[in-house]
Amino acid sequence: MEYNFREIEANWQKYWAENETFKAENPALSRAEGELNKPKFYVLDMFPYPSGAGLHVGHPLGYIASDIYARYKRHKGFNVLHPQGYDSFGLPAEQYAIQTGQHPAITTEANIATYRKQLDKIGFSFDWSREVRTSDPKYYKWTQWIFIQLFNSYYCKDADQARSISELEEVFTAEGNTRINAACDDDVQTFTAEDWNSFSEEEKQKILLKYRLTYLSETEVNWCPDLGTVLANDEIVNGVSERGGHPVVRKKMKQWSMRITAYAQRLLDGLNKIDWPQPLKDSQTYWIGRSEGAMVSFPVIPAEAGISSRENISVFTTRPDTIFGVSFMTLAPEHELVSKITTEAQKAEVEAYVKATAKRSELDRMADVKTISGVFTGAYALHPFTGEKVQIWIGDYVLASYGTGAVMAVPCGDQRDYDFAKHFGLEIPNIFQDVDISEEANADKDNSIIANSDFLNGLPYKKAMKRIIYEIEQRGFGYGKINYRLRDAVFSRQRYWGEPFPVYYKNGLPQMIDEKYLPLELPEVEKYLPTEDGKPPLGNATVWAWDTVKNEVVSNEKINNETVFPLELNTMPGWAGSSQYFNRYMDSQNEDEIFSQEAVNYWQDVDLYIGGSEHATGHLLYSRFWQKFMFDRGFVPKDEYAKKLINQGMITGTSAFVKRLDAQLHKYEDGKLKSAEGLSGIPAIFISENKKIQDYQEYIVNHIKKYVSEEILEEFNNTNNLRFNVGQSKIHSDVSFVNSHDELDIEAFKNWRSEFKNAEFILEEDGTFKVSREVEKMSKSKYNVVNPDQICEEYGADSLRLFEMFLGPLEQSKPWKTSGISGVYSFLKKLWKLYHSGENGAFFVSDDEPTKDEFKVLHKTIKKVEDDIENFSFNTSVSTFMIAVNELTALKCNKRTILEPLAIIIEPYAPHIAEELWSKLGHTTSISTVDFPVFEPKYLVESSKEYPVSFNGKMRFKIELPLDLTKEEIEAAVMAHEKTKEQLQGRIPKKVIVVPGKIVNVVG
RNA sequence: GCAGAAGUGGUGGAAUUGGUAGACACGCUGGACUUAAAAUCCAGUGGACAGUAAUGUCCGUGCGGGUUCAAGUCCCGCCUUCUGUACCA
């Protein structure tokens, strides 16, 4: 019987779906069925965004790996949770809606259907009964719910956890905010209990907003007026929008932010207790960017600045020990003091500079490190320790968004300050002992001693730091501080296709909709674009007001600002829905709670999470933040949600290029080139990879002559003034037209585009047309996307699964080349044959006792595959299976005792064929939860070893010796060997190294 | 610039604590079966040199050093590629 993968795979996929084979039971249900004894194991994939292009072969790489692991754990007796869903809010669907008017929900639905079909074909063991979609109101109800919880919480720094905002109100009522140590906005004023109690409700709300974990704030954003939207840094190229090239300006907007900075230290500390890849941890560590230093105040000298008020410039510095080296200060151009302190004389220049800077995007400013620019404000500050006057400058190398937006410049110790000082001819005092600073600044803190610094003289870095922070605090100039690079995360988007905020506005102040009226569903709109007056797309909705009496969404016309209020027009960002989905899977159909405590206490956390490293500082940081918040508020039992994480490598595409000849008409006059113009209307000529144009000059010219006008032809034939110049260019061919030998399917290529219809092809000697290949990112525009469906169709899902694993280590990125797939396919056929040794290939296994060799092959394989899966080395276990099947085939093994366990260990990798063989072996239930065979070392015990014998480290021959020999006996046996004598040629060895069971090395 | 990962045959890759470099697979070459092709099966396959041959010698894991009886693996110094990040005071 033939290995008919099409039939086999379709049958078992149907069986799994009908029998809900992979449904993970929650404890309550299990108890009823009396099978609670299994330990839990949670295997999670990063869920996909369902794009219109469908799944490509890069997606399943991680999914196959996690599926193997999940299936393996089922064999090991675990109750495995292995869910899947869709991150279905997102820009492409909205973009499509803008272009076509098609509602994003419809596009999304269709795309999900495609994804599901594709996923099903690969035979994943997902528990689809738990599927979530972030754009489903039943799901985003809980995203909105978490938002409300965040709004109703503040961060208590003393307890180092989030607490209910009502606790804070109680404290305010009793004693004001003087003793509160909480994460909050910078501009919070102190107040007493009396103050608080005399505040109006509105004032109270305004103050509380400054403490809430999600809060409204003025944020500087990249605003693109023409698109009516805010752009991310990477959506801006050369100061204009990537899409359409519209101008972009910096603008302040009121937006929701998440107070993630409150969690900076815990996000850092938590990295120590999770098993995530080091590079990923490194990038989170860097992103959080902890630095220790001090805040120091420099008073502005009022007389010089022409101001009457006392102003201070506070700066954050990591090197307060170098404070005696300060020779000037630099403010970011956006710094609020700039306009106040600038003198009349400098005003014009400063204003021009500030204006010029505002036009440049942050990215732009940062990319351009070489140009040094800045302007003197005319004002001076007082050095707190020396009492000297220092100039105050502005410069765009200082960023408003980091620290305080101002620096104390120490040119002798910081290269940027140094460059700035050199450029503008400012003083560079040296405060380092015996260090030459004539060429560059001295940033080496570990090997320098402070000098010219009063009480710090002679101290090394660490001691100087301690002393100066003490002095700064003693004298009231500032305090020691830990600063973080991490900023609060902007949580508003001016988009349609995202979660609506459960927020309405009363007198401009945000109010939460009561939890019990969630979800607040997305309204219908006429257009998905921003409104004409620059409001987000939800501004187009006509029924988008909240009635606080009826507690429902009503028409905007009813807004009276007494009982009916306008709703928030922004929507949540892409990462909102993905920040808690892993917990929702534990109890995804629960309509009363985000998840039951029973479910979350049973499943606890994710045991294995697989996904791409591109989410390192986005999803993977925000989700840890939300998890810690949920933990603080007692909703989840763990403050880190994923014990182990693996990044699968990217699969790159192998693009195919064809060489096209491009003809130009060159006109000459008196032997000199006068003009060159392209020739249109000539069918393209393509030349195969190994052919040279030079050999086809005449052919090409004759080809061109057939299509040019008669005048040109006449001039060409009768004068020397015209030539046809031929160049070549590389153009992408769709990879589906190319076979594994790099040969192009010419007919398919011709039909691909109308302009190729009449193209001519210069072939290789063997009549084929060869393309060249290059590795590039897999993308639609490069025509190198390969869909898994094609592979499933041609070779089957089991082949695809094996092949994707066989490509190489999971974590490495690798190019997709299908040339090796026939190897795994023929492996499956060989496997099938092992069980079909009957007449005419009929199924047959014998019940005879296996031989020693057969047992050895089986147990060697069990051991290796088990080790490989535990180490996520899936590529090597595929080789192991191949070796096992090759060896068993050579042994003509057909013993049930061997072939049954073999089917089980292969099942995680190739589940369809394994199920089929299992049922042929006479079993009536699925193989998926059968116990994994137990490795028995006794089958691998050897009595002898073939020792490699080396001379001076070079292996020369092998000698078979019993394993129970002593070192001396081994040495004697080796020395007695005739080849040893040959090698030594009479020399007496200096030393003989014997490692029993391993190697013998003769030296000398 | 900084951080991280990687560099091994024609190709993807293997070598788990330093101990036989190139497992397994693709490709290629030759052969069997076939009218033929596909499929399948068998044999060979890092390079150079010597030999009719069995075989032997030398060179070989990005480059240059080092440690060791022994280095793809450990140490020092470089080079290249990829990924992430961007003046962080």
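Each chain gets a letter, A, B and so on, in the order the sequences are listed, and its residues count up from 1. Note that these values count all heavy atoms, side chains included, but never hydrogens, waters or copies made by symmetry.
Salt-bridge check for Glu960(A) with Lys958(A): failed, with every basic side-chain N at 4.0 Å or more from each acidic carboxylate O. A salt bridge between Arg6(A) and Glu793(A) is present, with a side-chain N of the basic residue lying under 4.0 Å from a carboxylate O of the acidic one. Under the 4.0 Å criterion applied to side-chain N and carboxylate O atoms, Lys856(A) and Glu887(A) are not assigned as salt-bridge partners.
Looking at Ile993(A), Val994(A), Val995(A), Val992(A) one by one, the single match for side chain to side chain contact (heavy atoms under 4.5 Å, CB included) with Asn1001(A) turns out to be Ile993(A).
Glycosidic conformation of rG9(B): syn, with the torsion inside 90° of 0.
Distance from the side chain of Thr317(A) is smallest for rA89(B) among the nucleotides rA89(B), rC88(B), rU57(B).
Residue Asn886(A) is in sugar-phosphate contact alone, with no base atom involved, counting any heavy-atom pair closer than 4.0 Å across all strands shown. Using a 4.0 Å heavy-atom criterion, one finds that Arg290(A) contacts no nucleic acid atom at all. Backbone-only engagement by Pro809(A) is indicated by non-hydrogen atom pairs under 4.0 Å involving sugar-phosphate atoms exclusively.
Between the Asp414(A) side chain and the Arg416(A) main chain, a donor and an acceptor come within less than 3.5 Å of each other. The backbone N or O of Val865(A) lies less than 3.5 Å from no partner atom in the side chain of Thr880(A), so there is not a single donor-acceptor pair.
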Hey, can you pull the donor-acceptor pairs under 3.5 Å for the side chains in residues 804-811 of chain A, sequence neighbours left out?
from: Glu804(A); atom 1: OE1; to: Leu61(A); atom 2: N; distance (Å): 3.3

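Comparing rG77(B) with rG84(B), their P atoms are spaced 28 Å from each other, to the whole Å. Separating the C1' atom of rU16(B) from that of rU73(B) is a span of 12 Å, rounded to the nearest Å. Using P as the reference atom, rA71(B) and rC58(B) are 15 Å apart when rounded to the nearest Å. As rounded to the nearest Å, rC41(B) and rU55(B) have P atoms that lie 27 Å from one another. When the P atom is used for both rU17(B) and rC75(B), the distance is 14 Å, rounded to whole Å. Annotation: rG22(B) and rU45(B) have their C1' atoms spaced 12 Å apart (nearest Å). For the P atoms, the distance from rC82(B) to rU29(B) is 33 Å, rounded to whole Å. To the nearest whole angstrom, the two P atoms, one in rA23(B) and one in rG13(B), are 15 Å apart.
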Polar atom pairs (N or O), protein with nucleotides 45-48 of chain B, under 3.5 Å:
none

So which protein N/O to nucleotides 37-44 of chain B N/O distances come out below 3.5 Å?
from: rU40(B); atom 1: OP1; to: Lys829(A); atom 2: NZ; distance (Å): 3.2

Name the pairs: protein N/O against N/O of nucleotides 2-5 of chain B, kept only if under 3.5 Å.
none

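For the pair Met882(A) and Val1002(A), nearest-nucleotide mapping onto RNA chain B gives the more 5' position to Met882(A). Along RNA chain B, the nucleotide closest to Asp417(A) and the one closest to Val878(A) are compared, and the more 5′ of them pairs with Val878(A).
Within 6.0 Å of CD in Glu978(A) there are 12 or fewer heavy atoms belonging to other residues, nucleotides or ligands. Other residues, nucleotides and ligands contribute only 12 or fewer heavy atoms inside 6.0 Å of the NZ atom of Lys863(A). Enclosure of atom CD in Glu614(A) by more than 12 non-hydrogen atoms of other residues, nucleotides or ligands within 6.0 angstrom is indicated. Residue-environment remark: CD (Glu336(A)) stays at or below the threshold of 12 foreign heavy atoms within 6.0 Å.
The distance from atom CE of Met805(A) to atom P of rG13(B) is 14 Å, rounded to the nearest whole Å. One can place CZ of Phe951(A) at 13 Å from P of rG56(B), the figure rounded to the nearest angstrom. A straight line from CG of Leu399(A) to P of rA86(B) spans 11 Å, rounded to a whole angstrom. At whole-Å resolution of the value, CG in Leu810(A) and C1' in rG12(B) are 16 Å apart. For Glu614(A) and rU83(B), the CD to P distance is 13 Å, given to the nearest whole Å. Tyr947(A) has its OH atom 21 Å from the P atom of rA70(B), to the nearest Å. Summarising the geometry, the separation between CG on Asn952(A) and P on rU57(B) is reported as 13 Å, rounded to the nearest angstrom. In this structure, CG of Asp419(A) is placed 16 Å from P of rA89(B), rounded to the nearest angstrom.
Judged by a 6.0 Å distance limit and a 45° cone about the ring axis, Arg801(A) is not positioned over the six-membered ring of Tyr909(A).
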Which letters describe nucleotides 15-23 of chain B, given B = protein heavy atom under 4.0 Å from base, S = only from sugar-phosphate, - = neither? -BB-BB--B

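Residues Asn442(A) and Ser448(A) have side chains in contact (heavy-atom distance under 4.5 Å, counting atoms from C-beta outward). Looking only at side-chain heavy atoms (C-beta outward), Trp832(A) and Ile913(A) come within less than 4.5 Å of each other. At least one side-chain heavy atom of Arg624(A) sits under 4.5 Å from a side-chain heavy atom of Ile274(A).
Between Arg416(A) and rC88(B), a side-chain N or O to OP1/OP2 separation shorter than 4.0 Å is present.
The CZ atom of Phe477(A) sits 8.5 Å away from the CD1 atom of Ile323(A) when rounded to the nearest 0.5 Å. Expressed to the nearest 0.5 Å, how far CD of Gln648(A) lies from CZ of Phe872(A) amounts to 13.0 Å. Separating the OG1 atom in Thr980(A) from the CZ atom in Arg956(A) is a distance of 12.0 Å, to the nearest 0.5 Å.
Counting only Watson-Crick and G-U wobble pairs whose two key distances fall under 3.5 Å, RNA chain B forms stems of three or more stacked pairs at B:1-7 with B:79-85, B:10-12 with B:24-26, B:27-32 with B:40-45, B:46-50 with B:55-59, B:62-66 with B:74-78.
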